[in-house]
Amino acid sequence: MTTQTTSPKNGVPVDQLVETMRVIRQQPEIARFRFSARNGWQNGGLNVATINSYHGACEDHGRAKDFTVAMDEPPILLSGDEAPNPVEVLLSALSGCLTTSLVYHAAAMGIEVTAVESTYSGDIDLHGFLGMDEKIRNGFQSIRVAFKVESPDATDEQLDDLVRIARERSPVFDVVRNGTPIEVTRS
């Protein structure tokens with residue numbers, strides 16, 4: 001019996017992806033992950049999230065270094081503009097997750113992708129955030145996403161299908177689109 005090894009597709013080790021899926025089918029509990037972050041306020045709108053440990057494949061993991069994500073507000077929103085604001089970070093998280101979902105699924109389908117670009121914009125009315133009108137939501141009222149995907153061998157229909165699959169499989173898209181129960185406490 002020979003084992004066929006495929007080269008990475010789009011930078012994704014397809015053999016390992018297929019093996020991971022096989023193992024998850026046999027041991028569903030290893031698919032459960034818990035990601036976490038800490039946050040510390042600095043000044044005004046400036047605060048910094050720190051990301052390191054997570055739980056997955058039935059064990060705890062730590063990274064070699066902390067990752068940090070600074071967030072602030074622009075001067076028009078009364079802060080120092082030292083970093084993107086939290087809703088811009090949310091848009092960037094959405095962009096990263098949709099792009100990763102698209103590229104991974106393309107790799108699994110054997111489709112070579114040579115470039116992916118996307119734009120994201122969302123509309124917020126500060127009446128909600130400032131508590132000035134209870135009928136206006138605090139967050140985005142709408143978000144628009146536009147993809148440009150290049151592939152030497154995929155048809156337009158296949159590329160449209162990849163964008164659809166990315167939307168259907170992206171965890172961040174799911175959270176934004178469907179909401180997730182959130183428990184907030186003070187310790």
Side-chain angles (χ1 to χ4, degrees), residues 1-37 49-69 84 86-123 139-140 142-182:
M1 180 173 175
T2 49
T3 304
Q4 181 180 0
T5 302
T6 58
S7 299
K9 180 72 82 175
N10 309 327
V12 178
V14 177
D15 288 344
Q16 288 176 302
L17 177 60
V18 169
E19 177 62 13
T20 297
M21 292 170 66
R22 184 190 70 72
V23 172
I24 288 172
R25 282 185 191 98
Q26 293 175 346
Q27 298 172 290
E29 67 278 3
I30 69 168
R32 295 184 192 101
F33 278 67
R34 177 179 297 128
F35 294 98
S36 60
T50 303
I51 302 159
N52 187 303
S53 61
Y54 62 96
H55 180 87
C58 300
E59 59 185 54
D60 293 327
H61 302 270
R63 294 181 167 104
K65 65 176 186 168
D66 288 346
F67 293 110
T68 59
V69 180
V87 294
E88 291 168 321
V89 172
L90 175 75
L91 289 176
S92 70
L94 180 61
S95 73
C97 198
L98 280 169
T99 299
T100 299
S101 296
L102 187 148
V103 169
Y104 273 52
H105 283 277
M109 295 165 65
I111 298 173
E112 181 182 352
V113 173
T114 54
V116 179
E117 294 179 14
S118 52
T119 58
Y120 298 75
S121 63
D123 302 312
F140 283 124
S142 65
I143 297 174
R144 289 162 303 286
V145 178
F147 269 100
K148 179 181 177 185
V149 183
E150 296 178 13
S151 171
D153 54 1
T155 65
D156 284 341
E157 183 178 88
Q158 287 173 310
L159 296 178
D160 289 342
D161 198 39
L162 285 174
V163 171
R164 179 190 57 77
I165 291 168
R167 188 179 66 238
E168 290 175 357
R169 295 293 164 226
S170 163
V172 176
F173 183 91
D174 177 71
V175 167
V176 171
R177 176 77 183 234
N178 299 314
T180 297
I182 300 174

[X] [atom1]: over 12 foreign heavy atoms closer than 6.0 Å:
X	atom1	result
R164	CZ	yes
D156	CG	no
Q16	CD	no
E29	CD	yes

Quick one: pull up [atom1] in [X] and [atom2] in [Y] and give me the separation to the nearest 0.5 Å.
X	Y	atom1	atom2	value
L102	I165	CG	CD1	8.5 Å
T68	N52	OG1	CG	11.5 Å
E150	E112	CD	CD	11.5 Å
Y120	L90	OH	CG	11.5 Å
H105	L17	NE2	CG	8.5 Å

Open item on the list: Is the ring pair Y54/F33 parallel, tilted or perpendicular, if the boundaries are 30 and 60 degrees?
Closed with: parallel
Heavy-atom pair with the smallest gap, counting every atom of [X] and [Y]:
X	Y	value
I51	R63	CG2-NH1, 3.7 Å
A154	L159	CB-CD2, 3.7 Å
I24	A31	CG2-CB, 3.8 Å
S151	T114	N-OG1, 3.9 Å
R144	G122	NH2-N, 4.3 Å
V89	P84	CG2-CG, 3.9 Å

Open item on the list: Testing the 3.5 Å rule here: is there a donor-acceptor pair between the side chains of S36 and R34?
Closed with: no
Open item on the list: Applying the side chain to side chain contact (heavy atoms under 4.5 Å, CB included) criterion to S118, which one of T99, L94, L98 satisfies it?
Closed with: T99
Given 3.5 Å as the limit, does a donor-acceptor pair link the side chain of [X] with the main chain of [Y], or not?
X	Y	value
D66	T50	no
S53	G62	no
N10	I111	yes

Open item on the list: Quick one, L162 and M109 - any side-chain contact, counting heavy atoms below 4.5 Å?
Closed with: yes
Open item on the list: If you define the side chain from C-beta out and look only at heavy atoms, does anything of E157 sit under 4.5 Å from D161?
Closed with: no
